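Fair warning: this is a prediction, and the values are worked out from it, not measured in the lab. Every chain is numbered from 1 and lettered A, B, ... according to where its sequence line falls, protein lines coming before strand lines.
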Amino acid sequence: MPELPEVETVCRGLAAALEGRRLTGVEVRRPDLRIPFPPGFAAALQGRRVLRIRRRGKYFIWELDDGTALLGHLGMSGSMTIRAPGTNFPPPAPHDHVILTTDDGAQVSYHDPRRFGLMTLSTVAGVEDHPLLAAMGPEPLSDAFTPAVLAAALKGKQTPIKSALLDQGAVAGLGNIYVCEALFRARVSPRRLADNVGRRKVEALVPAIKSVLTEAIASGGSSLRDYRQATGELGYFQHTFAVYDREGQPCPGCDCGAAEGQANGIQRIVQAGRSTFFCAKRQR
DNA sequence: CACGAACCCTGGCTGC
DNA sequence: TGCAGCCAGGGTTCGT
């Protein structure tokens, strides 16, 4: 479910509520997420103060006051929800796998029906070198992400650009939705081989990726089925999708498919087992 | 080596 | 109404 904008939105919500707070309760209700919790997981968090919450790609990182880092991923269906101090906390729902309590009486629950998410421990000093993060590509919203850097990542790859951009080692944080949207903005066909994306198209892709991610973050992310911000609010970027999940609808760029009986419009294909949505007329 | 398919798991929707 | 089948925002592993 969550791609970079959703994880960023969740981290901002968590940071506002948790930075400076102490974790007074740690309840692990189900230990078998994608990878098991490490031994001593709950004890390592218990009593620690949260100094900072940040994001790397689709991972969240909590920096604790003893140099421990909590490193986690929301997978496809994970969410983190804050319940403010003073509210009546509902009993744990099915798939609430971790419940944290803070010293000001707030509660944070990690909920993940499909259990593709994970949480593990690292250190603040070494978390960037953790095996889960070490091979990750540049942050797309940083100044380090430039056309030259993207071109180098695509060079020689005989896989479609759609698949290449989903590779977290090329650029961090993109998922199925935002790759489709960025390719549309840059007018690049998802079927074009990565190695055959010319310099001008790479130069269009970089700002397309940056703009779609920036706008999605400003909208609180995209809520399709169960995604929510940490505050419980829905994101609303899904109303802005140009192509994602819009098969058969007119292309918002060239309006093909709008006229009666006209064959064009947004089409859906499958690449590497995932749906791709695009306009074959506008994206080349 | 580099690619795509299969798989991990559950829930929701579609169509018969 | 019931249920089988398919699909889903992620990532890893296995086979070609």
Test: A/Glu63 and A/Arg54 ion pair at under 4.0 Å
yes
Tell me whether the OP1 or OP2 atom of C/dA8 has a side-chain N or O from A/Arg268 closer than 4.0 Å.
yes
Any N or O donor-acceptor pair linking the side chain of A/Arg114 to the base of C/dA8 at under 3.5 Å?
yes
Tell me which of A/Leu132 and A/Ser275 sits closer to the 5' end of DNA chain C, going by the nucleotide each one is nearest to.
A/Ser275
Protein-nucleotide distance (A/Arg274, atom CZ; B/dC8, atom P), rounded to Å
17 Å
Sugar-phosphate only, base, or nothing, as touched by A/Gln158 at under 4.0 Å among non-hydrogen atoms:
sugar-phosphate
Counterpart base for B/dC9, defined by Watson-Crick or G-U wobble contacts under 3.5 Å:
none
Under 4.0 angstrom between A/His73 side-chain N/O and C/dG11 OP1 or OP2:
yes
Separation of A/Trp62 CH2 from A/Leu45 CG (nearest 0.5 Å)
8.0 Å
Can we say A/Arg29 and A/Glu27 salt-bridge, meaning some charged N sits less than 4.0 Å from an Asp/Glu carboxylate O?
yes
Using atom C1' in both nucleotides, what's the gap between B/dA6 and C/dC6 to the nearest angstrom?
16 Å
Compare side-chain N and O positions of A/Thr159 against OP1 and OP2 of B/dG4 and report whether any pair is under 4.0 Å apart.
yes
Which of the following nucleotides, B/dG4, C/dT12, C/dG10, is nearest to the side chain of A/Lys58?
C/dG10
Please state whether the phosphate of C/dA8, meaning OP1 or OP2, lies under 4.0 angstrom from any side-chain nitrogen or oxygen of A/Ser77.
no
With respect to the side chain of A/Phe116, which nucleotide from B/dG11, B/dC8, C/dC7 is positioned closest?
B/dC8
Using a cut-off of less than 4.0 Å, is there contact between a side-chain N or O of A/His95 and OP1 or OP2 of B/dG11?
yes
So what does A/Pro160 hit on the nucleic acid, given a heavy-atom distance under 4.0 Å: a base, only sugar-phosphate, or nothing?
sugar-phosphate
What's the closest nucleotide to the side chain of A/Met76 if the choices are B/dG4, B/dG11, C/dG10?
C/dG10
Looking at the side chain of A/Arg115, which of C/dG11, B/dC9, C/dG10 is the nearest nucleotide?
B/dC9
Taking OP1 and OP2 of C/dG11, is either one under 4.0 Å from a side-chain nitrogen or oxygen of A/Gln168?
yes
Of the listed C/dG10, B/dC3, B/dG4, the closest approach to the A/Lys157 side chain comes from B/dC3
How is A/Tyr178 classified with respect to the nucleic acid when contacts are heavy atoms under 4.0 Å: base, sugar-phosphate, or nothing?
nothing
Is any side-chain N of the basic residue among A/Arg55 and A/Glu139 closer than 4.0 Å to the acidic one's carboxylate O?
yes
For A/Gln238 and C/dA8, what is the distance between atoms CD and P respectively, to the nearest whole Å?
17 Å
Can you identify which nucleotide, out of B/dG4, B/dG11, C/dG10, has its nearest atom closest to the A/Glu3 side chain?
C/dG10
Does A/Leu205 offer a backbone N or O that forms a donor-acceptor pair with the side chain of A/Lys210 under 3.5 Å?
no
In terms of side-chain geometry, is the basic nitrogen of A/Asp167 or A/Lys157 positioned less than 4.0 Å from the acidic oxygen of its partner?
yes
